[in-house]
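All figures in this text were calculated on a predicted structure; none of them were measured in a lab.
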Amino acid sequence: HGSAVAALSASGDAARPGSAPAAGLIVLRAFGDDGRASAQDVAEALDWTIANAGRFNIVAANLSFATGELGDAAAADILSGRLRALAEAGVVAVAAAGNRLAGGPAGGIAYPAADPFALAVGAVDPAAPGLVAAFSPAGDAVDIHAGGMALTGLGPDGGQSPLSGTSFAAAEVSGVVALAQQLALQQFGQRLDFGTIRDLLRQTGTPLDGAEGAAGAGRGETAGQAGA
């Protein structure tokens, strides 16, 4: 999962580029071999990111998870202040909106994507990009959708594996955020703040139909899709 997310964000392979092929990655392991983590585990990773954002020029934090304890209100109590601190440090948190949550709370958005200081990313099928993937939340609570269904990505053994999920859509958007901040520095001499990035993605995405006909947030075009 982590290897695939990293590759979708920043792979430099010319045949299968990530959305930001030249981006550097810092990988913080908060999840164990069983694929589980507590909110406190994630909090420690966020604390490190906040403390080191300036030192390492960190512009985006990919949060491709939304399961177990991390979906509880208790997790929000631990993480929400840290997500705000990330935004204040100039780091945009990009979070998977969750899978199979269309009937859940907060418009079906999982935590931490439901946090006010995280971008909530849903998934579309690249083969039918006008429609939200059946497992993905849709509607106004989702900030942007990206390809996240029937993908082929990096597997745990270094080969290729089939991928579907909002985690992988969030990976692509994380790279897009990095490119947007690079362009902002070149054009304006400063980064865009969290709210501006969110508005930019929502306003420039291609309109699409949500699951079961509900209106959904727009579909973004990643750098890899655009050939950048």
Side-chain angles (χ1 to χ4, degrees), residues 1-2 4-6 8-9 19 30-32 34-39 41-43 45-46 60-80 82-83 86 92-126 128-129 131-151 153 162-177 194 198 201-202 205 208-220 222:
H1 186 274
V5 165
L8 288 167
S9 295
S19 52
F31 285 68
D34 60 357
R36 296 178 179 274
S38 69
D41 293 330
V42 175
L46 295 181
N62 173 266
L63 306 176
S64 285
F65 56 82
T67 59
E69 180 187 342
L70 301 176
D72 297 339
D77 291 340
I78 295 172
L79 300 179
S80 187
R82 290 173 166 90
L83 292 172
L86 270 182
V92 177
V94 183
N99 305 328
R100 306 184 185 87
L101 293 172
I109 305 302
Y111 196 84
D115 193 273
F117 289 95
L119 291 178
V121 182
V124 294
D125 181 351
L131 296 176
V132 178
F135 56 77
S136 173
D140 288 342
V142 179
D143 292 306
I144 194 72
H145 291 80
M149 183 176 177
L151 305 177
L163 305 171
S164 289
T166 58
S167 284
F168 308 114
E172 295 187 47
V173 173
S174 296
V176 170
V177 169
F194 175 83
R198 168 176 272 166
L201 290 175
R202 293 185 70 97
L208 50 77
D209 292 327
E212 299 179 359
R219 170 181 62 87
T222 68

| task | Please list, chain by chain and in numerical order, all residues satisfying side-chain hydrogen bond (donor to acceptor under 3.5 Å, both in side chains) with Thr166, sequence neighbours excluded. | result | Asn99
| task | With the side chain counted from C-beta on, respond yes when Phe168 and Val5 share a heavy-atom pair under 4.5 Å apart, and no when they do not. | result | yes
| message | Testing the basics here: between Gly98 and Pro137, what is the closest heavy-atom pair and its distance to 0.1 Å? | response | O-CD, 2.9 Å
| message | Could you walk me through whether Leu46 and Leu79 satisfy the side-chain contact (heavy atoms from CB on, under 4.5 Å) test, starting with their C-alpha distance in whole Å, then the side-chain angles of each, then the deciding distance to 0.1 Å, before giving a yes or no? | response | CA-CA 8 Å; Leu46 295 181; Leu79 300 179; 4.0 Å; yes
| request: May I have the step-by-step check of side-chain contact (heavy atoms from CB on, under 4.5 Å) for Val142 and Val132, ending in yes or no? | output: CA-CA 11 Å; Val142 179; Val132 178; over 6 Å; no
| query | Listed by chain and number, what are the side-chain contact (heavy atoms from CB on, under 4.5 Å) partners of Ala95, not counting sequence neighbours? | reply | Leu63, Pro112, Ala113, Ala118
| said: Please enumerate all residues that pass side-chain hydrogen bond (donor to acceptor under 3.5 Å, both in side chains) together with Ser80, with sequence neighbours excluded. | reply: Asp115
| task | Mind listing the closest non-hydrogen atom pair of Ala146 and Val121 along with its distance? | result | N-CG1, 4.5 Å
| query | Taking the side chain as C-beta and beyond, is there a heavy-atom pair between Leu151 and Glu172 under 4.5 Å? | reply | yes
| Can you find a pair of side-chain heavy atoms, one from Phe194 and one from Leu119, that are under 4.5 Å apart? | yes
| note | For Ile109 and Ala141, the nearest pair of non-hydrogen atoms, with its separation, is CG1-CB, 3.4 Å
| said: Quick check: closest heavy atoms across Val177 and Ala60, and the distance to 0.1 Å? | reply: CG1-CB, 4.0 Å
| Test item: Asp143 and Val173 side chains (from C-beta on) under 4.5 Å apart, heavy atoms | no
| query | Does any N or O in the side chain of Arg82 come within less than 3.5 Å of the main-chain N or O of Val42, such that one atom is a donor and the other an acceptor? | reply | no
| remark: Residues passing the side-chain contact (heavy atoms from CB on, under 4.5 Å) test with Ala6, sequence neighbours excluded, are Leu25
| query | With side chains defined as the heavy atoms from C-beta onward, is the minimum distance between Met149 and Val124 less than 4.5 Å? | reply | no
| Does any non-hydrogen side-chain atom of Val92 lie less than 4.5 Å from one of Phe117? | no
| said: Test your reading of the model: is there a side-chain donor-acceptor pair from Ser136 to the backbone of Ala123, 3.5 Å cut-off? | reply: yes
| field | Contacts of Ser167 that satisfy side-chain contact (heavy atoms from CB on, under 4.5 Å) - sequence neighbours left out | value | His1, Ser64, Ala96
| field | Derivation and outcome, side-chain contact (heavy atoms from CB on, under 4.5 Å), residues Leu8 and Leu163 | value | CA-CA 11 Å; Leu8 288 167; Leu163 305 171; 4.2 Å; yes
